[in-house]
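Structure record follows, encoded as structure tokens.
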Amino acid sequence: MASTIIIPFLPPNHNPKPHLKFSTSTSASPNPTHSIPPRNLTHLLRLSTQTQNLNLGKSIHSIILKSQHYNDHTRLLNSLISVYLKFNRLIDARNAFDEMPSPDIASFASLISAYSKIGREIDAVLLFDQMRQLGIFPNGFCFVALLTACIRNSNCELGTQIHALAVKAGSCDCVYVANAVMGMYVSCGFFEDALDVFDKMNERDVSSWNTVISAMVKDCRYREAFELFREMKMEGEFGDRFSISTLLSAMSQGFSLEEGEAVHAYALKLGLDFDLSVGNALIRLYTQLSDIEKVIGVFDRMPEKDVISWTGMLNGFMEFGFIESAVDIFEKMPKRNIVSYNALLAGFCKNGEGLRGLRLFQQILKDGPKISDFTVTSVVNTCAMVGERKKSEQIHGFVIKMGFTSNAWVEAALLDMCAKCDRVEDAEKIYDRKIQKGSFPITWTSLISARARNGQPEEALSLFQSGLKRDDLMDVIDEVTLATVLGVCGSLGFAVMGEQIHGFAYKSNVVGDIGVGNAIVSMYSKCGNLENALNFFNQMHRHDLVSWNGLINSYLNYRKGDEALNAWSKMELLGQKPDHITFLLIISACKFTTSNSVSTCQNLFLSMLSSYNIKPSLEHYSAMVDVLSCWGHFDEAKNLIISMPFKPDASIWRALLENCKKHSNISLGRQAIQKLLTLEPKDPSSYTLISNLYSASGRWHCSNKLRQEMRLNGLKKIPAKSWIIHQNTVHSFYGRDKSHSQSKDIYSGLEVLILECMKAGYEPDTSFVLQEAEEYQKRHFLFYHSAKLAVAYGVLVARPGEVVRVMKNVRLCGDCHEFFKVVSSVTGRRILVRDGSGFHRFEGGECICGDCW
DNA sequence: GTAGGGTTAG
């Protein structure tokens, strides 16, 4: 059967032994190899590649081996090598190469290129040296090959050497070599060197421009990228799909609308708008530029779509919160890969659909593709958002089991998840293990905000300060970290530190970041410096929704209702759309207007749905009830409670009760009490409030009964805590607390202060003492309230003229309020107390809050 | 082609 020269075209799965006893020695032709001229063998080799038949190539290899005659036919062996390389048989190719008695430049070049392509630069360099030792002069092809390896491995050291050799050899005049040199510098991040090579080139092709443009994009120098693009056109180079898609991606990263549209228009002119990669880049561009209609337009017009286009469209919808459209796209995609799944998962997370995200993850595990670190990061983030401790532990275990924990992104996500799922200790454990350098600022920020959220201000602050000691501080502190820490300063009232961080932000050039700016405004406002807050707001370049909400809230903190409503009008005038928070704020602002603003408030409330399509939530109803009852419109408040689509919760009854107290509306107050006690029988703050209602209306008996009941229920008040910052340290006090190191001085100082104030007309009001006790004991309780201790400390240590700033976790009691008024006039000090209800600013015997008690 | 920590309210 095996006949002479007819070489069988075996099916691809037929795999005979390499050195097969081939028909070469059969009887039909006693010495057949001699009869095949090398030209024909070359022909057959080409056929082997064309028909994808490796066995044919191998057969020819053995023919060549058997015949000494062919050994010096370098060209033939070169063809053989390229056949092997086409089939990715590097070892076979190398064997063939090693069999060659006199390899030429082409032989070397093919193998150098083959090694380079797979990143084995050492083997490539060895061959390169060997070649030079043999006196063979490297050509441009070899240089390009070696540079390709350097690009692959970002090996700048070798790359620079090759560059020098290429210059010496005069190869750099070749545009391909110069392009590769640039590419090498770009991949190593040496953008200036790349530019330098580019500037020196005599001849440039479109790849040269593309390389240098993409270098600028990688270096975030979008404007320069765009300038180069202009220059390119002026030099008569039109650009291709690569130039266009690179530029478009630059514009989408640089968020430049006009330039992006200009490039789009240019792509249309070149007829490249139907190109796949250009279309994909356009989808991304318009997603970033928040133009969903254009995204859809581009997507619909694309004649050819790949999985990237579909995923891009999915991301586009998710970006705009069109969750169902995104899901629809996902279901319609003709092909999905893990990136598409990741996009859907991340989109669920971004849009608050945590449970759907977790369900999707289950599905991915069941029938989806192999998960990646992206998948893991997304599911961990989703879990962080859901916030359930138990689920987070499950996911955590899974991630460990799958061996993803060494990835920096995953690690940071895990830490954040622990921080948000009530597992701060676990978060700390991750933090204490050696956190990978790149993710330090992120994990650090997560942990700081977790501690602040957890009511551990001192720990948050000390963590921040320990980070400040790092010498690479400037590299790791960025906008987000600063915004977080400013938030901590604000919520804890660290005025001095807040100011320092403002200065730091200024120095490190990030005050322009809108998030940092918003945080600065809120920090000043919460630290009692409304003026600085307003000044900073006014000098911000740009305001977004959060900025305006922050401004309104700043006014609200100081009970400046009219100003808050003015800010709202301005915001509306400037076209800034409000959100549910805005409405919560402006409705609440109506409590603090100088004249009755009930009708304004009602109109605002009605406009929520009709004009802004924001459905009022229970919180909005609660705020409305507060405003109505605050102005004494109890009937309207009652009607609203009855008609609202929610079951009234404790906050509504509490608001109502508080205002009943204010207007001495005992009968409605009593109803509110009953509701409150059924809803929250265990909440001590309800009892405090109720007791205050009775006390205020002189019903001592009821008040006493209530206290009895409280005792029977075993309720304790949330311990009131006040603190003050002095010399970057938090000094906190509980009632009758003697743990402070300067406790003695503070107590005697306070006693002097009380005596002085009594002389000036302060009368202790023991009705604010809820404990059952003799009158003298009550006074004792009253005098050493935490806020009084903190203020006394502040008065003792503050520099002349300095404002005494005290923070309190719960509301200031009425007696302290009266007392501080007098203290401010007796000592001539300005005293600022921030409590649960906002600010009290005591100055010259008055409080800005008017009669908040 | 995709990703992490934040700023307003509570």
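Below, read A as the first sequence line, B as the second, and so on, with proteins coming before strands; counting in each chain starts at 1. Below, each value reflects all heavy atoms present in this structure, side chains not excepted, and no hydrogens, waters or symmetry copies.
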Considering residues at least two apart in sequence or located in another chain, which fulfil the side chain to side chain contact (heavy atoms under 4.5 Å, CB included) criterion with A:D626? A:K591, A:A655, A:N659
Can you name the ring pair (Phe, Tyr, Trp, His ring centres under 6.0 Å) partners of A:W409, sequence neighbours left out? none
Qualifying residues under side chain to side chain contact (heavy atoms under 4.5 Å, CB included), relative to A:A505, sequence neighbours excluded: A:L482, A:V510, A:V511, A:V516
What pairs of residues pass the side chain to side chain donor-acceptor pair (under 3.5 Å) test when at least one of them lies in residues 326-342 of chain A, not counting sequence neighbours? A:D328-A:K332, A:N337-A:S340, A:N342-A:S372, A:N342-A:T375
Using a cut-off of 4.0 Å on non-hydrogen atoms, how would the nucleic acid contact of A:N557 be classed: base, sugar-phosphate, or nothing? nothing
In terms of heavy-atom contacts, does CG of A:N613 have more than 12 from other residues, nucleotides or ligands at under 6.0 Å? no
Under 4.0 Å from a heavy atom of chain A: give me the 5'-most and 3'-most nucleotides of DNA chain B that qualify. B:dG1 to B:dG10
NA contact type, A:V521, heavy-atom cut-off 4.0 Å: base, sugar-phosphate, or nothing? nothing
Using heavy atoms and a sub-4.0 Å distance, could you list which residues of residues 522-534 of chain A are near DNA chain B? By number, please. A:S522, A:K526
Could you identify which residues of residues 571-585 of chain A place a heavy atom less than 4.0 Å from some atom of DNA chain B, listed by residue number, or say none? A:H580, A:I581, A:L585
Sugar-phosphate, base or nothing in reach of A:V380, heavy atoms under 4.0 Å: nothing
Residues at least two apart in sequence or cross-chain that pass side chain to side chain contact (heavy atoms under 4.5 Å, CB included) with A:F605, listed by chain then number, are A:I587, A:M608, A:P616, A:H620, A:Y621, A:M624
With no hydrogens and no angle check, is any side-chain donor or acceptor of A:S522 less than 3.5 Å from a backbone partner on A:N518? no
Let's see if you get this right: which residues in residues 340-350 of chain A place a heavy atom under 4.0 Å from DNA chain B? A:N342, A:K350
Is there a donor-acceptor contact under 3.5 Å linking the side chains of A:N381 and A:S378? no
Are A:S651 and A:S622 close enough that a side-chain donor and a side-chain acceptor fall under 3.5 Å? yes
Give a yes or no on this: more than 12 heavy atoms of other residues, nucleotides or ligands lie within 6.0 Å of atom OH of A:Y506. no
Base, sugar-phosphate or nothing for A:S449? Non-hydrogen atoms, less than 4.0 Å. sugar-phosphate
Side chain to side chain contact (heavy atoms under 4.5 Å, CB included) filter on A:L534, not counting sequence neighbours, yields A:L530, A:L551, A:Y555
State which residues pass salt bridge (charged side-chain N to carboxylate O under 4.0 Å, His left out) with A:K391; sequence neighbours excluded, sorted by chain then number. A:E388
Under 4.0 Å between any heavy atoms, over every strand shown, what does A:D513 touch: base, sugar-phosphate, or nothing? Just pick one. base
Show me the pairs that pass salt bridge (Lys or Arg N to Asp or Glu O under 4.0 Å) and involve residues 442-453 of chain A, at least two apart or across chains. A:E428-A:R451
